[in-house]
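Note that these values count all heavy atoms, side chains included, but never hydrogens, waters or copies made by symmetry.
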Amino acid sequence: MLGEPVPESPGLLDAWIAERYLTVFEESWRCYPDVQPCLENLKRLPRGPRLAVLTNGDPEQQRAKLARFSLLEYFEAVLTPTELGAAKPVAYAAACRRMRTDPAQAVNAGDMLESDVNAAALAGLAGIGRLRHRWTIADGRGDSAPHRTAHRPPDHLSGMNT
């Protein structure tokens, strides 16, 4: 990505990542234009959902990313393997416990079919995948198939930019 060799020594590699890679990586962060309007629509619902971020990423980095795009305020929690003691897919049950939410009443929306949609459905949540060109919905009954695929959001997310 940077057009230069990666150091092999662990000490040099750590310094290289901190000095060279992370800067370029953070500059590459993007927020899709429909994200904030979607969160605003959810916030305005009469009984809007409680929101949390569940990610396998580094906690500080994830919070920095959300803060950079003024999105941190929309979420009650940013949950990572560091806080939960488990990564996806096991983290879904831990996240529900942390949020005091029954998995059957929870929805996970993500952009990766296997780890966000299918794994959430297998953990008892509804999984919704926003795969940028279509929506994929798994029912959350512990069965990741069949999926429904739509070119517009599910009814409970209607009115949001797609």
Side-chain angles (χ1 to χ4, degrees), residues 1-4 6-43 48-103 105-138 140 144 147 153 157 160-162:
M1 187 164 122
L2 298 174
E4 60 188 63
V6 177
E8 292 184 28
S9 151
L12 291 175
L13 180 59
D14 287 347
W16 182 85
I17 288 172
E19 294 170 13
R20 302 286 294 136
Y21 174 76
L22 287 179
T23 302
V24 172
F25 176 65
E26 289 172 5
E27 288 172 1
S28 74
W29 292 347
R30 300 290 178 265
C31 182
Y32 288 105
D34 58 347
V35 171
Q36 195 159 24
C38 174
L39 292 169
E40 280 296 319
N41 284 342
L42 290 171
K43 187 173 156 181
R50 296 172 56 219
L51 300 175
V53 171
L54 175 60
T55 176
N56 282 341
D58 175 75
E60 288 180 32
Q61 192 174 74
Q62 298 306 315
R63 286 180 182 90
K65 190 184 299 184
L66 291 166
R68 177 173 167 188
F69 297 107
S70 302
L71 301 175
L72 195 54
E73 69 184 83
Y74 293 98
F75 301 96
E76 281 184 45
V78 177
L79 305 172
T80 69
T82 302
E83 289 92 4
L84 298 174
K88 291 178 189 175
V90 176
Y92 289 109
C96 287
R97 283 191 302 276
R98 176 71 62 95
M99 296 296 291
R100 294 182 177 97
T101 300
D102 178 358
Q105 299 298 311
V107 175
N108 185 68
D111 61 355
M112 299 180 73
L113 184 61
E114 286 303 316
S115 64
D116 292 331
V117 179
N118 293 348
L122 289 170
L125 292 75
I128 298 176
R130 178 60 167 112
L131 308 175
R132 285 293 125 194
H133 298 292
R134 60 180 163 56
W135 294 81
T136 299
I137 302 133
S144 65
H147 288 87
L157 297 180
M160 296 175 199
N161 294 335
T162 56

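Side-chain contact between Leu22 and Gln61: present, with at least one pair of heavy atoms (C-beta onward) separated by less than 4.5 Å. Taking the side chain as every heavy atom from C-beta outward, Lys43 and Tyr74 approach each other to under 4.5 Å. Taking 4.5 Å as the limit, every side-chain heavy atom of Val53 sits out of range of all side-chain heavy atoms of Leu71. Residues Val90 and Leu84 fail the side-chain proximity criterion, which asks for heavy atoms closer than 4.5 Å. Contact annotation: the side chain of Gln62 approaches that of Lys65 to within less than 4.5 Å [non-hydrogen atoms, C-beta and beyond].
Residue pairs that meet the salt bridge (Lys or Arg N to Asp or Glu O under 4.0 Å) test with at least one member in residues 54-63, sequence neighbours left out, are Arg63-Glu83. Screening residues 119-129 for side-chain hydrogen bond (donor to acceptor under 3.5 Å, both in side chains), with sequence neighbours left out, gives no hits.
Counting all heavy atoms, side chain and backbone alike, Tyr92 lies closest to Ala119 at CE1-CB, 3.8 Å. Smallest separation of non-hydrogen atoms from Val117 and Gly127: CG1-O, 3.7 Å.
Every residue meeting the salt bridge (Lys or Arg N to Asp or Glu O under 4.0 Å) condition with Arg50, not counting sequence neighbours, appears here in chain and number order: Glu76.
Using a distance-only test at 3.5 Å, with no hydrogens or angles considered, a donor-acceptor pair links the side chain of Asn56 to the main chain of Lys88. Checking side-chain atoms of Arg98 against main-chain N and O of Ala77 turns up no donor-acceptor pair under 3.5 Å.
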